[in-house]
Each structure stands twice: as structure tokens, then as C-alpha cells.
Amino acid sequence: MLNKCGEAERVLLEQKGGQLYEQLEEVLESLSQKYKLFIVSNCQEGYIEAFYKYHQLETHFLDYENPGRTGLTKGENIKLIMERNQLESPVYVGDTLGDQQAAKVAGIPFVYASYGFGEVEEHDYIIHSLNDLQEIF
């Protein structure tokens, strides 16, 4: 039953997308001109692809990973992206304690998006909107 619900969610995401944060496309465009961008998510296999298909933002990202494809934790998937793309000084942007812990597992700085879904006490940077990323980086 859970697999059928997940598949229905993926189809819906592909058809209707999701609500994006304000100025997401502009910020991604700006950042992708200076940095390599990647997605590491806890989502199921097919979710990132559905997101890409609907919103057409894949041109900003060089690679992605999730446990649906690898069976690995978020921290391990961050390491996988780092190794696969020979990253020397990455940071991870997230909004939950799980994101903060994953960045710690990967041994990289954590940028806390305070406007998101969770709360964390430890972070290397904090942003209050997507635009703040352009000021920090």
C-alpha cells in the first residue's frame, strides 16, 4: 500500500509540480553560474526526476542522489555525490535536524535554511531566505 501511495505521489508531482520558494529559479540561475549545484534528498526514487520534469530546473544541477536509488542514508549520499563529482569544499543547505546531522556525517559545513520545515541548534551558516545564499556565497 505504501509503495502505491508513493507512486501516486510521484505521478502527481510530475503532473502538478510543487510550490517553489519565492525567487528559487533566479537564485539557482545565479548560483549555478558560480558553483556546481547538486540535490541530495530523502525522497523516494523518481521524485527528483518528477520535480525536474515539471519545473524544468535540471539545467541548474549537475547530479542528484536519494535513498530510493542507493539505499544509503542522506549523509552517505552526500559523500557519494562528493566522491562522484570530486568536490573539494562543498556545503549542504537544509532545514531539518536530519540535514544538519547528514552534513556532519559527510564532514562538511551546514547552511541552515531557517524558513524551512525544521529547527536546528548547530549550523555553520544561517539563511532566512533563498536570497541570503547569494550574499554568503
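Any value given below was found using the heavy atoms of this structure, including those in side chains, with hydrogens, waters and symmetry copies removed.
Q44 and N66 form no side-chain donor-acceptor contact under 3.5 Å, judged by distance and modelled atom types alone. No side-chain donor from either of Q100 and Y92 sits under 3.5 Å from a side-chain acceptor of the other.
Ion pairing of E65 with R84 is present here, as a side-chain N (NZ or NE/NH1/NH2) and a carboxylate O approach within less than 4.0 Å. Salt-bridge annotation for E83 and K79: absent, with no side-chain N of the basic residue lying under 4.0 Å from a carboxylate O of the acidic one.
The cationic atom of R69 (NZ for Lys, CZ for Arg) lies less than 6.0 Å from the six-membered ring centre of Y64 and within 45° of the ring axis.
Side-chain contact between M1 and N3: absent, with no pair of heavy atoms (C-beta onward) separated by less than 4.5 Å. Residues I127 and I136 meet the side-chain proximity criterion, which asks for heavy atoms closer than 4.5 Å. Here the side chains of I78 and F38 are not in contact, with every heavy-atom distance at 4.5 Å or above. The shortest distance between side-chain heavy atoms of E49 and E14 does not fall below 4.5 Å. Put simply, the side chain of I39 reaches to within 4.5 Å of the side chain of Y52, judged on heavy atoms. Side-chain atoms of K74 and N77, non-hydrogen and from C-beta on, never get closer than 4.5 Å to each other.
Clustering ILVMFWY residues whenever any of their side-chain heavy atoms sit less than 4.5 angstrom apart, transitively, puts L24 in the very cluster that holds V91. Transitive grouping of hydrophobic side chains (ILVMFWY, heavy atoms separated by less than 4.5 Å) brings L57 and V93 into a common cluster. Hydrophobic clustering of Ile, Leu, Val, Met, Phe, Trp and Tyr side chains at less than 4.5 Å, counting indirect connections, unites L97 with Y112. Linking Ile, Leu, Val, Met, Phe, Trp and Tyr whenever their side-chain heavy atoms come within less than 4.5 Å leaves Y54 and Y47 in two separate clusters. Put simply, V111 and L31 are part of the same group of oily side chains (I, L, V, M, F, W, Y) that touch within less than 4.5 Å, one to the next.
In this structure, C43 and I48 approach most closely via the heavy-atom pair SG-CG1, 3.6 Å. Of all heavy-atom pairs spanning P109 and P90, the tightest one is CD-O, 3.3 Å. Here the closest heavy-atom approach between residue G68 and residue E45 is recorded as O-OE1, 3.3 Å.
Taking the ring centroids of F110 and Y125, they lie at or beyond the 6.0 Å cut-off.
A 6.0 Å sphere centred on CD of E7 holds more than 12 heavy atoms belonging to other residues, nucleotides or ligands. Residue E121 qualifies as open at atom CD: its count of foreign heavy atoms under 6.0 Å is 12 or below. Within 6.0 Å of CD in E58 there are more than 12 heavy atoms belonging to other residues, nucleotides or ligands.
Of the possible donor and acceptor atoms, one in the side chain of D95 sits under 3.5 Å from a partner among the backbone N and O of F117. Side chain of Q15 to main chain of L12: no donor-acceptor pair is present (N/O by atom type, distance under 3.5 Å, no hydrogens or angles). The closest donor-acceptor contact from the side chain of Y115 to the backbone of Y21 lies at 3.5 Å or more, if one exists at all.
Interatomic distance, CZ of F61 versus CD1 of I81, reported as 11.5 Å (0.5 Å rounding). One distance of note links CZ of R10 with SG of C5; it measures 14.0 Å at 0.5 Å rounding. To the nearest 0.5 angstrom, L130 atom CG is 11.5 Å from S30 atom OG. Rounded to the nearest 0.5 angstrom, I126 CD1 and H128 NE2 are separated by 4.5 Å. Put simply, CD on E9 and CG on L13 are 9.0 Å apart, with the number rounded to the nearest 0.5 Å. How far NZ of K104 is from NE2 of H123: 14.0 Å, rounded to the nearest 0.5 Å.
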Checking V27 against N131 for the side-chain contact (heavy atoms from CB on, under 4.5 Å) test, could you report, in this order, the C-alpha distance in whole Å, the side-chain angles of both residues, the deciding distance, and whether it holds?
CA-CA 7 Å; V27 171; N131 283 329; 3.4 Å; yes
Given L80 and M82, is the side-chain contact (heavy atoms from CB on, under 4.5 Å) satisfied, shown in steps?
CA-CA 5 Å; L80 184 62; M82 290 166 55; over 6 Å; no
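Within the structure, salt bridge (Lys or Arg N to Asp or Glu O under 4.0 Å) pairs that include any residue of residues 24-43 do not occur (at least two apart or interchain).
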